[in-house]
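First up is the structure itself, then whatever we jot down about it.
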Amino acid sequence: MRILLAGGAGYIGSHTAVELILAGHDVVIVDNYSNSSPEAVERIEEVSGRSVVAYEADVRDHDAVCSIMREYPVDCVVHFAGLKAVGESVRKPVEYYRNNIDTTLTLLECMRERGVHNIVFSSSATVYGEENPYPYVETMPRGRCSNPYGWTKFMMEQILEDAARADAELSVVLLRYFNPIGAHPSGRMGEDPQGIPNNLMPYVAQVAVGRRDHLTIFGNDYPTPDGTCRRDYIHVMDLAAGHVKAVEYTAAHKGTEIFNLGTGTPCSVLEIVRAFEENSGVPVKYEFGPRRDGDLAEFWADADKARDELGWTAARTLSDMCRDSWNWQRQNPKGYES
Ligand code: NAD
Ligand code: UDP
C-alpha cells in the first residue's frame with residue numbers, strides 16, 4: 001500500500017514511517033516542520049535504506065494536500081499532524097483548535113476528492129477523561145477532558161466517526177496512544193522536543209546527559225503504591241508496529257474502530273527513574289515538587305482488543321524503553337541539531 005503520513009516527520013510518525021517501509025509499504029510524508037526537522041526524514045531514509053517522498057506543506061492547505069494526493073495516489077492516510085503540548089494548549093486554545101481540527105477536516109475533504117477511503121488517526125488516552133475507571137476499555141464513553149489539547153482529540157474523534165457514519169465507504173481507525181517513550185534501537189531516531197521538555201522521559205534523558213540539572217517529580221502524595229503517578233508507558237517502536245497493523249486493518253474493514261495502544265501495565269514515575277538509571281548507568285538527580293494541574297493519579301490500558309482484532313501486542317520491556325531513550329539522547333545530546 002502507499003500511505004500518506006500527515007505529520008510524518010514527528011516523533012511517532014518518523015518511527016512509523018520506518019516500520020511501514022520495512023513491512024513493504026510506500027510512504028509519502030507531509031509536514032510543515034513546525035515541531036520537527038527535515039533531518040528526521042533523512043534519518044528515516046538512513047535507517048530504512050530507502051528514499052522517501054517528503055513535502056514541506058501545511059496539512060491545513062487544501063490545494064497543497066490535494067495536489068500531493070493527485071501526484072501520489074494513496075490507499076490510506078495516517079494523521080499525526082497536530083499540536084500536542086497540554087500546557088501550551090491552555091494558553092493558546094484558539095491555535096490548538098484551529099490547527100488540529102483544520103488538519104483533520106482538510107484531510108477528510110481531500111480524501112473525498114481523491115477517492116481515498118482509509119484513515120488512521122493519532123488519538124490519545126486523554127479522551128477517556130477524568131470519570132472512567134481504569135484500565136480504560138474502548139467501549140467506555142469519551143470523558144470530560146481537562147485541557148484544550150484533549151478536547152481537540154475528543155472533537156476530532158467525533159468528526160471522524162460522523163464522517164464514517166455518513167460515508168459507507170470510509171474506514172476509520174482511532175488509535176488511542178498511552179505514553180509513548182523510547183527511540184529507534186539504532187540511536188539515529190528519537191524524540192526531539194523543542195525547548196524545555198513537557199514529558200517525563202525526554203526530561204529524564206536530558207538530566208542524564210547534563211542538559212538539565214534535575215528532574216522535578218510532580219507529586220509524591222498520590223494514592224499509588226509509591227505515591228507518584230502511574231502511567232502505561234509504551235515503546236515507540238511497538239506503537240509504530242501497531243500503526244502497520246492498523247493501516248492494513250483499514251483495507252479490510254469499513255466504519256470506525258477504536259484501539260488502545262498500551263502495554264496494559266502501569267509504571268510509576270519513580271520506577272521510570274530507577275529503570276533509567278539501571279539501564280544507562282547514569283544517576284538521575286530528582287526532587288519532589290507539587291502536583292501538576294490536571295494530572296490524574298494513575299491510568300493504564302486494557303490492550304485486549306488490539307491483541308484480539310489487530311493481532312498486536314506490545315513486545316518491548318521497560319528496560320528496552322530506557323536503554324533506547326538513553327542511546328538516542330547520548331548519541332544526539334541536542335536532538336537532530338547535534
Ligand atoms: P510531534 O510533534 O513530534 O509530531 C507531529 C508532527 O506534525 C510534527 O512533525 C509537526 O511538525 C507536524 N505538524 C503539526 N501541525 C502541522 C500542520 N498544520 N501541517 C503539517 N504538519 C504539521 O508529535 P508526536 O509525539 O509524534 O505525536 C503525533 C500525534 O500523536 C499527535 O497528533 C499527538 O497529539 C498524538 N499523540 C502523541 C502522544 C505523545 O505522547 N507523543 C500521545 C498521544 C497522542
Ligand atoms: N512528570 C514529572 N515530572 C516531569 C514531567 C512529568 O513528574 O518533569 C510526571 C507527570 O506528573 C506524570 C508522568 O510523569 O505523572 C507522565 O507525564 P507526561 O507529561 O510524560 O505524560 P502525560 O501522562 O501527562 O501525558
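Each ligand, and each atom within it, is numbered from 1 in the order the structure gives. These values consider heavy atoms only, across backbone and side chains, with no hydrogens, waters or symmetry-generated copies.
Checking D58, T106, N99, N100 against atom 15 (N) of ligand 1, the nearest heavy atom belongs to N99. Counting heavy atoms only, F218 comes closest to atom 5 (C) of ligand 2 of the residues F218, Y177, Y203.
Considering only non-hydrogen protein atoms, atom 13 (N) of ligand 1 sits nearest to N32 OD1, 3.5 Å. For atom 37 (C) of ligand 1, the closest non-hydrogen atom on the protein side is I12 CD1, 3.7 Å. If you check which protein heavy atom lies closest to atom 24 (P) of ligand 1, you get K84 NZ, 3.7 Å. Looking from atom 40 (O) of ligand 1 to the surrounding protein, the closest heavy atom is P180 CD, 3.4 Å. Nearest protein neighbour of atom 31 (C) of ligand 1, counting heavy atoms only, is F80 O, 3.2 Å. Distance from atom 3 (O) of ligand 1 to its nearest protein heavy atom, with residue and atom name: Y11 N, 2.9 Å. With respect to atom 19 (N) of ligand 1, the closest heavy atom belonging to the protein is V59 N, 2.9 Å. Of the protein's non-hydrogen atoms, R231 NE, 2.7 Å is the one closest to atom 23 (O) of ligand 2. Of the protein's non-hydrogen atoms, the one nearest atom 12 (C) of ligand 1 is D31 OD1, 3.4 Å.
The atoms of ligand 2 that sit less than 4.0 Å from any heavy atom of N198 are 5 (C), 19 (O). Proximity to S122 (heavy-atom distance under 4.0 Å) selects the following atoms of ligand 1: 29 (C), 30 (O), 32 (O), 35 (C). Within ligand 2, the atoms closer than 4.0 Å to a non-hydrogen atom of C229 are 15 (O), numbered from 1 in the order shown. Close approach to N179 involves these atoms of ligand 2, each under 4.0 Å from a residue heavy atom: 21 (O), 22 (P), 23 (O), 25 (O). For ligand 2 and L215, the ligand atoms under 4.0 Å from any heavy atom of the residue are 3 (N), 4 (C), 8 (O).
Not a single heavy atom of H79 lies less than 4.0 angstrom from ligand 1. Residue contacts with ligand 2 leave out Y149, since none of its heavy atoms falls under 4.0 Å from the ligand. Remark: distances from the non-hydrogen atoms of A57 to ligand 1 include one below 4.0 Å.
At a 4.0 Å heavy-atom cut-off, ligand 1 touches S123 through the backbone alone. The residue V86 has no part lying near ligand 2, judged by heavy-atom distances below 4.0 Å.
Annotation: cation-pi geometry not satisfied between R2 and Y72 (NZ/CZ under 6.0 angstrom from ring centroid, within 45° of ring axis).
Just one residue in the list Y177, Y249, F121, F178 forms a ring pair (Phe, Tyr, Trp, His ring centres under 6.0 Å) with F259, and that residue is Y249.
L270 and L296 fall into different hydrophobic clusters, where Ile, Leu, Val, Met, Phe, Trp and Tyr are joined by side-chain heavy atoms under 4.5 Å apart, directly or via other members.
In this structure, CD1 on I272 lies 8.5 Å from OG on S325, to the nearest 0.5 angstrom.
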